[in-house]
S.K.: 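Have a look at this one before I ask anything.
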Amino acid sequence: MAVPPVVGLEIGTSKVVALVGEMREDGHLMITGMGEHPSTGVRKGEIVDLENAAICVRSALALAEESAQVSIRQVHLALTGAHIQSAVNRGAVPVLDSEGGIGRDDIEQVMEVARAVNLPPDRDILHTICQHFCIDDQQRVTQPEGMEGAKLALDMLVLHGVRNRLHNTIRCVRNIPLSVQDVAFSGLCAALAALTPEQKKSGAIVIDLGGGTTDYLAYAGNVVAAAGVLGVGGDHVTNDITLAFNIPMSRAEKLKRESGSALVAGSDLTRRVSLPAEGGFSGRTVSLKSLHTVINARMDEVLSTVKKRLDAQGILHHVGAGVVLTGGGARSRGITDLAENLFDLPCAVGKPRHVSGLAAATEGPEFAVCSGLVQYGMRAQLGQRRASPLGNWLKGLFGR
Amino acid sequence: MNPADILVVGVGGGGSRVVDRLADGIAHGPAFAVVDTDARTVASVSVPARLQAGAVVTDGLGAGGDIERGRRALEEDVEKVRNLVAGKSLVIIVACLGGGTGSSGAGVVSRAAQETGAVTLCFATQPFSFEGAARGSAAQKAAAAIDDAVDILVLVPNDRLTEATGSVKLNDAFDRANRVLTSGIAAMWKLLTQPGYINIGLADVRQAAGRAGGCGFGYAEGEGDGKAARVVEELLASPLLGGGAALERAGSLLVSIVGGPDMTLQDVGTVMDAISSRAPGHPNISMGTVLDEAWQNRLGILVLHSSAARRTGASSSAPSPPGGKGRRGRRARKATHTQIDLRFDSDAKGRFRNVEPTILDGEDLDIPTFLRRGIEIEK
């Protein structure tokens with residue numbers, strides 16, 4: 001029986017991307033269509049101008065439809081925003097039949113309890129991700145079924161966000177009109193796309209350097225140990241350049257991409273970049289050293305902040321495979337070196353894995369989130385993964 | 001300098017009206033021009049050189065107070081702006097800030113003029129406080145942008161300008177305010193084009209007034225017996241100079257005294273003594289006199305003061321190198337201008353002005369990192 005295609009939609013701050021994924025008979029996921037459009041109306045990963053954002057989304061979807069030769073009626077949606085936080089909640093239940101060993105019922109029950117986290121009234125759960133089980137004193141149990149014990153506990157990583165802000169993006173998409181099958185946190189999607197099973201086992205940190213936000217997700221001990229969002233992104237780098245040199249935003253963006261670097265090299269000391277006159281802009285030269293200094297300051301701050309947060313949870317000691325960078329920002333010159341110096345861990349640019357198909361979509365780190373989103377959606381469709389709680393809410397709404 | 005080397009251009013509705021009034025009745029003087037996006041303004045002035053910019057962007061209806069639209073409109077017709085300013089050594093731009101066209105257009109015109117080697121000076125009025133906080137903060141932001149785009153920025157707060165008239169009736173107040181402003185601007189170009197006993201050049205003006213943050217302005221005139229003492233007293237009491245307080249804070253002063261053939265050394269002495277006594281902080285004072293044949297028995301005093309208090313914590317920029325002219329001089333000045341201190345949040349946020357800030361550990365991360373870390377950026 002053919003599995004229907006999954007469409008992933010990411011409404012980012014700098015671009016809107018839609019990817020169409022189809023499951024091949026050999027079990028391979030193929031990206032069969034892609035639509036991309038520059039984004040307006042989105043700031044720091046959240047929609048601030050519904051009309052403009054809707055226009056960009058429609059354009060991206062139209063391109064994806066044409067590219068994949070399908071008609072798109074429903075999508076999986078990536079969500080991000082500085083309001084998204086994670087918390088670890090522990091649930092514990094007495095084992096029903098302590099002699100017979102831990103059964104499915106015990107596991108389901110402890111999962112329910114671990115999921116029941118007390119959130120402020122304005123927040124909704126986005127994901128609940130199982131970490132480790134505990135049987136009595138034994139920590140870090142991965143497969144408790146059949147084992148003996150009196151008490152079964154489970155640590156659950158709960159990702160949550162402000163309800164209105166999560167629903168804002170969903171509402172925009174539904175007004176296109178489109179049906180939203182499910183939603184997923186961007187950082188989770190990036191990790192899904194970019195990490196290998198080996199990296200997850202050794203421990204790895206994925207940092208998606210997006211236009212509006214920096215999303216991160218860390219694996220330690222083969223489970224998701226931490227996740228979060230920093231409301232700072234590539235836009236901030238461009239804005240810093242705009243204000244440092246008093247040039248228009250568009251010129252700053254171009255300057256960043258063409259001549260920018262996250263590290264200040266010794267050879268930059270005297271070189272200058274010439275910005276030709278154009279329109280009302282009368283042209284000027286910019287010191288390369290100054291440009292790199294501005295970018296370095298910002299990127300150093302972003303990465304340091306992520307590091308600080310992970311450090312606070314004691315995660316950095318358990319990350320053997322190092323740091324993987326995704327997102328448009330991962331293309332910055334010198335960014336992997338900067339990250340390596342900061343984290344004191346190996347660092348590489350992550351590309352979408354586990355998918356084949358359209359080269360453009362499968363090569364660039366900026367497509368990691370959307371690609372991972374497609375994988376996420378496909379797994380749910382194949383029954384391999386629970387839908388997210390919000391996804392269930394969406395289903396409940398439409399009675400699907 | 002030859003009057004023909006100077007262009008006085010009004011940008012935006014307010015600026016255009018001021019220049020229209022200035023140009024009225026001047027037979028021999030600088031060239032005048034008017035640039036606006038609103039077709040009606042352009043049509044209503046009598047200045048022959050006028051440019052309606054951005055017809056496509058604005059449909060001739062003006063920028064509607066939208067500074068982005070104003071900028072795009074001017075950029076649409078930047079070639080025409082370039083033609084307007086071509087061949088001038090000094091371009092005096094007059095703009096009323098807070099709206100769309102003047103606020104953004106002043107910078108566009110200035111940059112176009114600097115491209116051709118002209119020095120630019122901008123008289124920018126700031127909206128009345130009763131016009132509301134939104135306009136006020138838009139004007140502040142515009143002033144910061146213009147400050148970067150021009151060589152000399154003279155800021156004229158409308159509130160103080162009308163206070164200076166001491167008039168109660170609205171019509172009267174605006175009328176007299178306009179007169180003070182236009183006389184001040186006229187005194188500016190006379191300073192540079194009409195010889196007097198003591199001459200000041202453009203370089204001196206830039207040295208005295210071309211500091212980051214702009215400078216303030218005061219003007220008074222009068223006639224009859226004892227005019228020197230009276231006019232200087234009126235000047236020092238003027239709200240434009242904060243009742244003289246501005247002089248106390250000033251780091252640099254530029255004084256220009258305009259008078260007729262009957263002006264005496266004693267008159268000059270009276271004026272300068274009075275000013276010096278109100279400026280105990282030993283500021284640098286550049287002084288010049290202008291001889292205007294038509295000013296028999298009349299005296300006018302123009303003061304430009306650089307006040308460090310205008311921008312809180314203004315950076316310590318080194319004084320502009322003397323004799324620096326044109327692009328080279330300007331670039332030399334910018335090289336020593338090591339750090340922009342943008343304490344006003346709206347200035348420092350750029351793209352993130354109207355977005356919920358990202359606050360972490362009490363710091364607003366939307367403000368550039370290099371600013372918050374105090375990293376000096378060489379331009």
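So you know, we letter chains A, B, ... as the sequences are listed, proteins then strands, and number each from 1. All figures in this text were calculated on a predicted structure; none of them were measured in a lab.
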S.K.: Of all heavy-atom pairs between B:T358 and A:G231, which one has the smallest distance, and what is that distance?
M.R.: OG1-O, 2.8 Å
S.K.: Identify which part of B:E356 has an atom lying under 4.5 Å from any heavy atom of chain A, answering side chain, backbone, both or neither.
M.R.: both
S.K.: Decide yes or no for B:L360 and A:V232: does some side-chain heavy atom of the first lie under 4.5 Å from some side-chain heavy atom of the second?
M.R.: no
S.K.: Taking atom CG of A:D311 as the centre, does the number of heavy atoms from other residues, nucleotides or ligands within less than 6.0 Å exceed 12?
M.R.: yes
S.K.: Between A:T293, A:V294, A:I295, which is the residue that forms a side-chain contact (heavy atoms from CB on, under 4.5 Å) with B:F370?
M.R.: A:V294
S.K.: Would you call B:D366-A:K44 a salt bridge at under 4.0 Å N-O?
M.R.: yes
S.K.: Atom CZ in A:R284, atom CZ in B:R111: separation rounded to 0.5 Å?
M.R.: 8.0 Å
S.K.: Does atom CD (A:Q313) have a neighbourhood of more than 12 heavy atoms from anything else shown, all under 6.0 Å?
M.R.: yes
S.K.: Could you tell me whether A:D300 and B:R373 make a salt bridge, using a distance below 4.0 angstrom between a side-chain N and a carboxylate O?
M.R.: yes
S.K.: Hey, what do you get for CD1 (A:I247) to CG (B:D148), rounding to the nearest 0.5 Å?
M.R.: 12.0 Å
S.K.: Under a 4.5 Å heavy-atom cutoff, which of A:M249, A:H236, A:R43 has the most pairs with chain B?
M.R.: A:H236
S.K.: Looking only at heavy atoms, what is the nearest atom pair of A:N246 and B:A145, with distance?
M.R.: ND2-O, 4.3 Å
S.K.: Considering all heavy atoms of both residues, which atom of A:D240 and which atom of B:T369 are nearest to each other, and what is their separation?
M.R.: OD2-N, 3.5 Å
S.K.: What part of A:I241 lies closer than 4.5 angstrom to a heavy atom of chain B: side chain, backbone, both or neither?
M.R.: neither
S.K.: Between CZ of B:F352 and CG of A:D235, what distance do you get to the nearest 0.5 Å?
M.R.: 4.5 Å
S.K.: Show the nearest heavy-atom pair for residues B:L365 and A:R298, with the distance to one decimal.
M.R.: O-NH1, 2.8 Å
S.K.: Side chain, backbone, both or neither: which part of B:R372 has a non-hydrogen atom closer than 4.5 Å to chain A?
M.R.: side chain
S.K.: Just so I know, are the side chains of A:K308 and B:D361 near enough to count as touching, which here means a heavy-atom distance under 4.5 Å?
M.R.: yes
S.K.: Which atoms of A:T305 are under 4.5 Å from chain B, going by heavy atoms: the side chain, the backbone, both sets, or neither?
M.R.: side chain
